[in-house]
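Here the structure is laid out as structure tokens; the discussion comes afterwards.
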2 protein chains.
Amino acid sequence: MVTKQLRGTAEDADLSRADSLAREIFTDIANKWAFLIIEALGDGTLRFGALRNEIQGISHKMLTQNLRMLERNGLVERDVHPTVPPRVEYTLTEPGRALRAAVSGMCGWTQRYLDHIEAARNRFDAV
Amino acid sequence: MVTKQLRGTAEDADLSRADSLAREIFTDIANKWAFLIIEALGDGTLRFGALRNEIQGISHKMLTQNLRMLERNGLVERDVHPTVPPRVEYTLTEPGRALRAAVSGMCGWTQRYLDHIEAARNRFDAV
DNA sequence: CGGTATCCCATGCGATACTG
DNA sequence: CAGTATCGCATGGGATACCG
């Protein structure tokens, strides 16, 4: 369970080590930009600039920041070709591709329920 | 595609209406607390306080805020029993349960790759 | 019990500018 | 081309207190 701690003793109110790590990973990865990057990379390899074009609206800063984070967690591989100008390519690793299944699920879900959600919003906001 | 806009004309640099709505939904839902709430609700029904207990570390404020957001998007149903003290129950709707599949996938993924990720982090941070 | 409001610090994120 | 650094506003999010 990610939602609650595994209590050891009654006074152990903290998360277990595994759970606190899981929570950290969730905090890192459960964010809009990370998902969009994973979805954009897909099975292929993209350069920094290509990613920036692919993901409409992402800023230079957010892209580097999230790529660094994904690299740190071992979800993307970063290949630097030491040429001038530099050429840096990003690819999903095996864990990254595994997560991509869930991310694609979310994307598909969004498409499927788009109208449904819009209707729910209108109903809610009407009050 | 959620990652890029569907260009109509050359000068249409904005997202299409459907894509901008999809992006909005992503922004709402791709967040740690929303996922933890969805996972905690599961197939059942939980009261506000029970949810708070289930999701270790969530504050009163974040719980209400995210529940309101999920209700607005039609992912959770909110049943108010007008008694004293009040009794408010939350349940996933059909779209909510559909999204839960992807969320559970993410949770499973986290468990499966926990060690792998920790190792990747240590390697990255060692530099 | 559950919701709302307020205060205040931490973080997200865009804009801009500089480097190799 | 890609990365880093800095600034500054906007939002996230905890703590506390008060209302039905």
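All values below were derived from every heavy atom in this structure, side-chain atoms included, with hydrogens, water molecules and symmetry-related copies excluded. Every chain is numbered from 1 and lettered A, B, ... according to where its sequence line falls, protein lines coming before strand lines. Because the structure is predicted, anything quoted here is derived from the model rather than measured.
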Revision key, fill the gap. Contacted region of DNA chain D by chain A, from 5' end to 3' end of the hits, cut-off under 4.0 Å to heavy atoms, spans dC1(D) to dC7(D)
**Study point:** Integer-rounded Å distance: dG2(C) P and Q65(B) CD
**Key:** 18 Å
Point to revise | With R72(B) via salt bridge (charged side-chain N to carboxylate O under 4.0 Å, His left out) - residues at least two apart | key: D125(A)
Revision key, fill the gap. When pairs are called at under 3.5 Å and a stem needs at least three consecutive Watson-Crick or G-U pairs, the stems of DNA chain D are C:2-20 with D:1-19
**Study point:** side-chain hydrogen bond (donor to acceptor under 3.5 Å, both in side chains) partners of T93(A), counting only residues at least two apart
**Key:** none
Exercise for review: Using whole Å, report how far CG of L63(A) lies from C1' of dG12(C).
Suggested key: 15 Å
Point to revise | Annotated protein contacts, base or backbone, on nucleotides 14-20 of chain C with a non-hydrogen cut-off under 4.0 Å, one of B, S, - each | key: BB----B
Point to revise | V84(A): partners by side-chain contact (heavy atoms from CB on, under 4.5 Å), with sequence neighbours left out | key: none
**Study point:** side-chain hydrogen bond (donor to acceptor under 3.5 Å, both in side chains) involving S59(B) - partner list, sequence neighbours excluded
**Key:** none
Exercise for review: Tell me, please, which residues at least two apart from N122(B) pass side-chain hydrogen bond (donor to acceptor under 3.5 Å, both in side chains).
Suggested key: none
Review point. So F35(A) and F26(B), would you call those rings parallel, tilted or perpendicular, with 30° and 60° as cut-offs?
Key: perpendicular
Check your understanding: OP1 or OP2 of dT4(C) less than 4.0 angstrom from a side-chain nitrogen or oxygen of R68(B), does that happen here?
Key -> yes
**Study point:** salt bridge (charged side-chain N to carboxylate O under 4.0 Å, His left out) against R68(B), all qualifying residues, sequence neighbours excluded
**Key:** E71(B)
Point to revise | All pairs passing salt bridge (Lys or Arg N to Asp or Glu O under 4.0 Å) where residues 91-109 of chain A contributes a residue, at least two apart | key: D43(A)-R100(A)
Check your understanding: Is there a donor-acceptor pair closer than 3.5 Å between any side-chain N or O of W33(B) and the backbone N or O of Q65(B)?
Key -> no
Practice item. Whole angstrom is fine here: how far is it from CZ in R87(B) over to P in dG3(C)? Key: 13 Å
Point to revise | Separation of dG12(C) P from N31(A) CG (nearest whole Å) | key: 9 Å
Exercise for review: In whole angstrom, give the distance that lies between atom NZ of K32(B) and atom P of dA10(C).
Suggested key: 16 Å
Exercise for review: Scan for salt bridge (Lys or Arg N to Asp or Glu O under 4.0 Å) pairs involving residues 82-92 of chain B, sequence neighbours excluded, and state none if there are none.
Suggested key: R87(B)-E89(B)
**Study point:** N31(B): side-chain hydrogen bond (donor to acceptor under 3.5 Å, both in side chains) partners, not counting sequence neighbours
**Key:** N66(B)
Check your understanding: Quick one: is R78(B) getting a side-chain N or O under 4.0 Å of the dG3(C) phosphate, OP1 or OP2?
Key -> yes
